[in-house]
Amino acid sequence: MNHQLPDLRYSYDAYEPYIDTKTMEIHHQKHHGGYVSKLNAALEEHPQLQNKSIEELMANLSTLPDSLQTAVRNNGGGHLNHSLFWSILKKNQGSGPKYDLAFEIKRSFTTFENFQEEFSKTAMGRFGSGWAWLVIQDDDRLSVMSTPNQDTPYSQGLRVLMGLDVWEHAYYLNYQNRKADYIEAWWDVVDWEEVAERYDQLK
Ligand code: MN
């Protein structure tokens, strides 16, 4: 069973003006698509691993054959990270976290605004390519973290609630060097309903 590029449940222009159409199209088809085909190519000679889900592969990186680890870390991580990224986008009209997630964000960060500031700062502070994340730690508190490249919190055994892609390919066409503007705009397209749903399933 090959890994597949997931279809998006919205059109590429759905998040204008926050994320432009061309960026969405190239990002999904070429970047994410590239990770999927390279992951499948890397697994070609490892039939015993082909029925493992992407989550399973990434959570058990260190058990993979040495010759495979880098390819799966980069391309499997790229596949999993982007699959999550697409699934939590929706124009939110300025709404915020809901239900138990809203409660837990306040418990872990005092206020939603504090959380937002910490998340944006972490995304801004990622030098080079990478991601900012909201995760559930082992002690069930929420925390914000960042990973370089396509490294994924799944490989650290963490439960992932949301992630922001801060690779230049995610924003450069429209925002050029204005990474802070991209991060700010992204808050308008966080699907809080979906993130709250993930929290309910993973807590
Ligand atoms: Mn990306």
Side-chain angles (χ1 to χ4, degrees), residues 6 15 18-19 52-64 69 72-74 76-167 170-171 179-203:
Y15 304 120
Y18 308 107
I19 306 179
K52 297 219 181 292
S53 72
I54 187 61
E55 290 84 357
E56 234 180 317
L57 284 174
M58 299 320 295
N60 298 286
L61 259 190
S62 60
T63 68
L64 300 180
Q69 280 187 23
V72 173
R73 182 175 174 183
N74 292 337
H79 177 32
L80 183 54
N81 292 341
H82 286 85
S83 297
L84 171 71
F85 183 68
W86 308 128
S87 76
I88 56 157
L89 294 181
K90 190 181 189 182
K91 280 188 183 172
N92 63 30
Q93 267 88 34
S95 74
K98 295 174 196 305
Y99 320 126
D100 288 358
L101 175 66
F103 177 84
E104 193 51 47
I105 283 179
K106 286 202 179 108
R107 191 168 79 101
S108 298
F109 301 97
T110 321
T111 63
F112 174 64
E113 289 69 28
N114 279 348
F115 155 67
Q116 233 181 348
E117 197 185 315
E118 188 180 330
F119 192 98
S120 291
K121 217 164 108 187
T122 300
M124 235 2 243
R126 163 50 52 200
F127 183 77
S129 298
W131 291 75
W133 304 101
L134 174 65
V135 299
I136 310 177
Q137 302 177 133
D138 294 340
D139 65 1
D140 292 334
R141 300 300 281 242
L142 304 186
S143 70
V144 165
M145 63 179 286
S146 173
T147 57
N149 305 312
Q150 294 298 354
D151 287 358
T152 182
Y154 284 83
S155 302
Q156 300 175 37
L158 294 164
R159 292 163 284 171
V160 184
L161 295 176
M162 58 193 259
L164 171 59
D165 189 344
V166 287
W167 282 56
Y171 64 87
K179 181 181 177 184
D181 292 352
Y182 159 70
I183 293 169
E184 173 134 356
W186 175 77
W187 288 110
D188 283 303
V189 293
V190 174
D191 185 346
W192 287 114
E193 201 66 60
E194 183 61 31
V195 179
E197 178 70 23
R198 290 184 67 82
Y199 181 67
D200 284 342
Q201 283 171 12
L202 295 170
K203 72 186 177 188

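As the structure is a computational prediction, the values presented were derived from the model and not from experiment.
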_Residue pair Arg198, Ile88: steps toward the side-chain contact (heavy atoms from CB on, under 4.5 Å) verdict_ = CA-CA 10 Å; Arg198 290 184 67 82; Ile88 56 157; 4.2 Å; yes
*asked:* Walk me through whether Asp140 and Lys203 qualify under side-chain contact (heavy atoms from CB on, under 4.5 Å).
replied: CA-CA 7 Å; Asp140 292 334; Lys203 72 186 177 188; over 6 Å; no
*Does Ser146 reach the side chain of Lys121, with side-chain heavy atoms less than 4.5 Å apart?*
no
*About how many Å separate CD of Gln116 and CD1 of Ile183, when rounded to the nearest 0.5 Å?*
12.0 Å
*asked:* Could you tell me if the side chain of His79 sits less than 4.5 Å from the side chain of Gln150, heavy atoms only?
replied: no
*asked:* Tell me whether Asp165 is salt-bridged to Arg126, with the criterion being a basic N under 4.0 Å from an acidic carboxylate O.
replied: no
*Above 12 or not: heavy atoms from other molecules or residues under 6.0 Å from CD of Glu117?*
no
*For Tyr99, what residues pass the side chain to side chain contact (heavy atoms under 4.5 Å, CB included) criterion, not counting sequence neighbours?*
Glu193, Ala196
_Testing the basics here: between Leu61 and Ser155, what is the closest heavy-atom pair and its distance to 0.1 Å?_
CD1-OG, 3.7 Å
_Return the CG to CD distance between Leu101 and Glu194, rounded to the nearest 0.5 Å._
11.5 Å
*Can you tell me if CD on Glu184 sees more than 12 non-hydrogen neighbours from other groups inside 6.0 Å?*
no
_Suppose we screen for salt bridge (charged side-chain N to carboxylate O under 4.0 Å, His left out). Which residues come up paired with Glu197, at least two apart in sequence or across chains?_
none
*To the nearest 0.5 Å, what is the distance between CG (Leu134) and CD (Glu118)?*
9.5 Å
*Minimum-distance pair of heavy atoms, taken over all atoms of Tyr182 and Leu164*: OH-CD1, 3.4 Å
_Rounded distance (nearest 0.5 Å) linking atom OG1 of Thr63 with atom CD of Glu56_ = 9.5 Å
_Measuring from atom CG of Leu202 to atom CD1 of Ile136, what distance do you get when rounded to the nearest 0.5 angstrom?_
5.0 Å
*Residues which pass salt bridge (charged side-chain N to carboxylate O under 4.0 Å, His left out) with Lys91, listed by chain and number, not counting sequence neighbours*: none
*With a 4.5 Å limit on heavy-atom distance, are the side chains of Tyr199 and Pro97 in contact?*
no
*Residues in side chain to side chain contact (heavy atoms under 4.5 Å, CB included) with Arg107, at least two apart?*
Phe103, Glu104, Arg141
*Asp151: what forms a side chain to side chain donor-acceptor pair (under 3.5 Å) with it, not counting sequence neighbours?*
Arg73
*Between Gly157 and Asp138, what is the shortest heavy-atom contact and its length?*
O-OD1, 4.4 Å
_Checking Asn92 now: which residues fulfil side chain to side chain contact (heavy atoms under 4.5 Å, CB included) with it, not counting sequence neighbours?_
Ser95, Asp188, Val190, Trp192
*Taking C-beta and beyond as the side chain, do Thr147 and Met145 meet within less than 4.5 Å on heavy atoms?*
yes
*Would you name the heavy atoms of Phe119 and Ala132 that are closest together and state the gap between them?*
CZ-O, 3.6 Å
*Would a line drawn from the ring center of Trp186 to the ring center of Tyr171 be shorter than 6.0 Å?*
no
*Please check if the side chain of Ser87 supplies one atom and the backbone of Leu84 the other of a donor-acceptor pair under 3.5 Å.*
yes
*Would you please test Val72 and Met58 for side-chain contact (heavy atoms from CB on, under 4.5 Å) and show each step?*
CA-CA 8 Å; Val72 173; Met58 299 320 295; 3.9 Å; yes
*Looking only at atom types and distance, does a side-chain atom of Arg159 sit under 3.5 Å from a main-chain N or O of Gln137, one as donor and one as acceptor?*
yes
_Verdict with reasoning, Phe85 to Trp131, per side-chain contact (heavy atoms from CB on, under 4.5 Å)_ = CA-CA 10 Å; Phe85 183 68; Trp131 291 75; 3.8 Å; yes
_Going by side chain to side chain contact (heavy atoms under 4.5 Å, CB included), Trp133 matches just one of Leu161, Leu158, Val160, Thr122. Which one?_
Val160
*asked:* Classify the ring geometry of Phe112 against Phe115: parallel below 30°, tilted from 30° to 60°, perpendicular beyond 60°.
replied: tilted
